[in-house]
Amino acid sequence: MGIFDEMAKYGHEQLHFFQHRGTKLKAIVAIHDTTLGPALGGCRMRPYETEEDALFDVLRLSRGMTYKCGVADVDNGGGKSVIIGDPNTDKSPEMFRAFGRFVGSLGGRFYTGTDMGTTPMDFVHASREAQHGGFVGLPEEYGGSGNTAIPTALGVYQGIRATAKVLWGHEDLTGKRFAVQGVGKVGALTVERLVAAGAQVYITDVYQPFVDALVAKVPPVQMLGVVAPDEIYGLDVDMFVPCALGAIVNDETIPQFKCKAIVGSANNQLLDMEKHGKMLHEKGILYAPDYLVNAGGLIQVADELKGYVEARVMAKTNSIYEMLLQVYALSTEQNIPTWLAADRLVEERIARVEDLKSMFSL
Ligand code: NAD
């Protein structure tokens with residue numbers, strides 16, 4: 001299939017290929033949809049086996065960003081960039097400066113920041129060369145907004161509250177039982193919020209120091225136990241809270257679940273969106289779409305483009321509660337899986353903004 005056919009398939013607006021011989025930079029930027037504003041999306045660096053793999057990834061991920069920005073109600077469209085190379089061996093400050101010159105030349109149509117294989121420091125180098133911006137998520141000492149895990153964990157907590165409201169008619173989490181997978185940056189903060197709200201938790205992580213640090217903080221009466229990584233799925237809990245890996249909702253785990261709902265920060269939780277979303281729907285397990293509940297981090301970096309205000313980020317992140325209630329209501333009303341309900345709400349939101357932008361205004 002040709003490149004224009006690929007772009008037409010999901011309505012991508014623009015595709016850029018950049019190369020710089022001196023630093024061996026090979027990068028692709030995909031802009032999917034800018035109805036809501038300039039495109040925003042991370043920059044992933046990976047040793048893609050083929051150029052087609054890189055192209056496929058950037059097209060798929062940039063489209064996902066349109067939905068993520070739409071659901072988070074930020075004034076940005078979907079975009080993404082990929083750099084073809086091994087982040088451990090091929091990186092140099094100059095490579096990112098070259099990348100900065102290219103992204104800067106897009107004149108503010110596209111903003112990017114860290115993703116798999118890239119760090120905030122890479123974009124310190126890049127932003128030195130970009131006169132018209134183009135970079136977000138720099139370290140705080142370089143003007144960035146800091147740790148995105150804080151709003152992300154707040155969003156997960158609001159997702160849990162909204163889910164509790166649907167399950168029990170109230171948000172009181174006292175005595176409710178949660179299984180948290182991964183207690184890194186987001187998972188640990190989520191556990192702290194749950195415990196403060198009176199809930200009880202099981203936890204698991206493959207990195208023992210994180211487990212030990214959390215066990216020392218949680219009152220023993222609220223710590224139901226530390227379990228092995230593969231035991232987390234079958235526990236008798238109210239909610240499963242995945243904060244580690246993607247693709248953990250699949251043919252093997254769904255039959256094990258005893259939980260009433262899945263609400264967590266991990267990206268791409270459903271191995272196969274259509275198949276596994278439907279299986280959860282049929283099993284009566286509420287699934288909070290990951291790209292909605294983990295939108296706090298995106299809300300924070302998008303806010304940098306307006307001049308970061310922490311209180312605004314937290315207020316916007318709190319609204320994940322309302323949006324998730326709308327998703328659940330639409331899912332029930334139309335008897336469709338929640339991920340599809342979320343997609344439909346975003347598409348309606350984008351169509352409404354498109355309509356009002358048809359009116360001329362300076
Ligand atoms: P993190 O790396 O700090 O934490 C992830 C934790 O998961 C680590 O402690 C790791 O040891 C653990 N882990 C890895 N494999 C595991 C396994 N098999 N079983 C149990 N634990 C395992 O990452 P984070 O920033 O806390 O992000 C957590 C998830 O949320 C990731 O999927 C990330 O993509 C997603 N997310 C994070 C943010 C953010 O702002 N940090 C925003 C959106 C989405």
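Read the numbers this way: they start at 1 and go in the same order the structure lists the ligands and their atoms.
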With sequence neighbours excluded, what pairs up with Thr152 under the side-chain hydrogen bond (donor to acceptor under 3.5 Å, both in side chains) test?
none
Show every donor-acceptor pair shorter than 3.5 Å between a side-chain atom in residues 225-243 and any protein atom, with sequence neighbours excluded, or say none if there are none.
unit_1, atom_1, unit_2, atom_2, d
Tyr233, OH, Gln181, NE2, 2.9
Asp238, OD1, Lys260, NZ, 2.8
Asp238, OD2, Arg177, N, 2.8

Polar pairs, ligand 1 vs protein, N/O only, below 3.5 Å.
unit_1, atom_1, unit_2, atom_2, d
ligand 1, 3 (O), Lys185, N, 2.9
ligand 1, 3 (O), Lys185, NZ, 3.0
ligand 1, 9 (O), Asp205, OD1, 3.3
ligand 1, 9 (O), Asp205, OD2, 2.7
ligand 1, 11 (O), Asp205, OD1, 2.6
ligand 1, 26 (O), Lys185, N, 3.2
ligand 1, 26 (O), Val186, N, 2.8
ligand 1, 30 (O), Ser265, O, 3.3
ligand 1, 30 (O), Ser265, OG, 2.8
ligand 1, 32 (O), Ala244, O, 3.0
ligand 1, 34 (O), Asn267, ND2, 3.1
ligand 1, 40 (O), Thr148, O, 3.4
ligand 1, 40 (O), Thr148, OG1, 2.8
ligand 1, 40 (O), Thr152, OG1, 2.8

Taking every heavy atom of Asp57 against every heavy atom of Arg60, the minimum-distance pair comes out as OD1-NH2, 2.8 Å
About how many Å separate CD of Gln269 and CH2 of Trp339, when rounded to the nearest 0.5 Å?
14.5 Å
Starting from Leu362 and following side-chain heavy-atom contacts under 4.5 Å between hydrophobic residues (I, L, V, M, F, W, Y), which residues can be reached?
Phe360
With no hydrogens and no angle check, just 3.5 Å: does a side-chain donor-acceptor pair link Asp33 and Tyr67?
no
